[in-house]
Amino acid sequence: MANQPKILIVYTGGTIGMVKDYNTGALKAFDFSQISSKIPELQQLNCEINTISFEEPIDSSNMSVAYYIQIAEIISDNYDKFDGFVVLTGSDTMSYTSSAISFMFENLQKPVIFTGSQLPIGDLRTDAKENLITSIQVASAYENGKPVIQEVGLYFEYKLYRANRTTKINAEQFEAFASMNYPPLAESGVHLNFNYPLLLKPKENQSDLVVRKNLDNHVAILKLFPGITESVVRSFMNIPDLKGIILETYGSGNAPTEKWFVDLLEESVSKGIYIVNVTQCKGGSVILGHYETSSELKRIGIVDGKDITTETAIAKMMYLLGEKLSKEEFTNYFQTPLRGEMA
């Protein structure tokens, strides 16, 4: 690494990249190539900053697997040229996107920090500048010649989280994200304090970066609710080319015990459709078989999602389906922490 860390900012779109045209009042895309002149505070950071932007910035609602791959390719193509990466996306789907990227990068040994904002960067009360400045500071933090962060993180409102542990909890407050089942990796106050025991560390003699781009999005999320009907569940199970379902259950993994419900799930599992049980609760874990209402799910071969978030579960499922694993391998890998995404 050079004396000054080299940081690449990847702008995909989202609120953070908007500025107001004060003549018309309309929002327009911010030119990130001029970032140092527009945000002079960045010059106080001891790092060299470069930027790459999507040709057409996308709204977070339009995020897709194709854009996941585009983000991953930009980082992998520049991996040897830079010491850290800051990815700017819309906050609405940031947990989904950053979780997917965490699985796509195997043997990651450099920081990839996702951030965004609730207000445009040109707004008077914006949270964009602090989020961006501190994300760059996190990405450029090196100790003993090695980066402090060697995983995919998400920084928002004074806290750095493991990206695949996050969920967006608020559409209006600056503190938009939470990580209910894993503490922050770092907190920004007067000092930037890293929680070192919680950080992922690469294995000894780890291989070079591998990028997994064969994501399979033939998946769906089925959220249970009191009164759900057989026809609704059956329609999910009969989606053409469906390969996997994230089943959002109650509490610690509980679901209806009606015969029609269990029979439909068992029929789907027998067809080779993977069904992963995750809790609807923001915090806590699935414990299959803990109550009678989940023992049947365990019996028929539903995969235990433990304390994984829905956002990360769908990303992990797409990743594992793309690896063409056997049923036993899929179940084993899903229930095993691969990127620190579950206990």
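Residue numbers count from 1 along this sequence. Quick caveat, the model's predicted, so the values are computed rather than measured.
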Listed partners of [X] passing side chain to side chain donor-acceptor pair (under 3.5 Å), at least two apart:
X	value
S179	none
S61	D59
T166	S95
D123	none

Can [X] and [Y] be counted as having a side-chain donor-acceptor contact under 3.5 angstrom?
X	Y	result
Q4	N46	yes
K168	S91	yes
T134	E130	yes

Between K223 and Q280, is any pair of side-chain heavy atoms under 4.5 Å apart?
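Heavy-atom side-chain distance check passes, below 4.5 Å.
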Name every donor-acceptor pair, under 3.5 Å, that has one atom in a side chain of residues 255-265 and the other anywhere in the protein, sequence neighbours excluded.
residue : atom : partner : partner atom : Å
K259    : NZ   : D263    : OD2          : 2.6

Could you tell me the separation between the CG atom of D304 and the CG atom of L297, rounded to the nearest 0.5 Å?
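The CG atom of D304 sits 10.0 Å away from the CG atom of L297.
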How close do L200 and Q150 get, counting heavy atoms only, and between which atoms?
O-CB, 4.3 Å
If hydrophobic residues (ILVMFWY) are linked whenever their side-chain heavy atoms come closer than 4.5 Å, directly or via other members, who joins L119 in its cluster?
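When side chains under 4.5 Å apart are linked, the cluster holding L119 also contains F174.
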Donor-acceptor under 3.5 Å (Y182 side chain, M342 main chain):
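Not confirmed, Y182 side chain does not pair with M342 backbone.
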So, T97 side chain and M94 main chain: donor-acceptor pair closer than 3.5 Å or not?
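Checked: no pair found.
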Y79: what forms a ring pair (Phe, Tyr, Trp, His ring centres under 6.0 Å) with it, not counting sequence neighbours?
none
Pair listing, side-chain hydrogen bond (donor to acceptor under 3.5 Å, both in side chains) test, anchored in residues 197-208, at least two apart
none
side-chain hydrogen bond (donor to acceptor under 3.5 Å, both in side chains) contacts touching residues 224-251 (sequence neighbours left out):
D216-K243, T229-S231, E230-R234, E248-T310, T249-N277
For the pair E151 and R162, find out whether any cationic side-chain nitrogen is under 4.0 Å from an anionic carboxylate oxygen.
yes
Only residue of T309, T167, T312 satisfying side-chain hydrogen bond (donor to acceptor under 3.5 Å, both in side chains) with S99 is T312
Provide the full list of ring-ring contact (aromatic ring centres under 6.0 Å, His included) pairs with a residue in residues 37-66, sequence neighbours left out, each pair given once.
F54-Y67
Please set out all donor-acceptor pairs under 3.5 angstrom arising from side-chain atoms of residues 190-197, sequence neighbours excluded.
residue : atom : partner : partner atom : Å
Y196    : OH   : E143    : OE1          : 3.4
Y196    : OH   : E143    : OE2          : 2.5

Positive for salt bridge (Lys or Arg N to Asp or Glu O under 4.0 Å) with K213, one of E73, E323, E106:
E73
Could you list the residues that satisfy side chain to side chain contact (heavy atoms under 4.5 Å, CB included) with L242, not counting sequence neighbours?
A220, I239, I245, I273
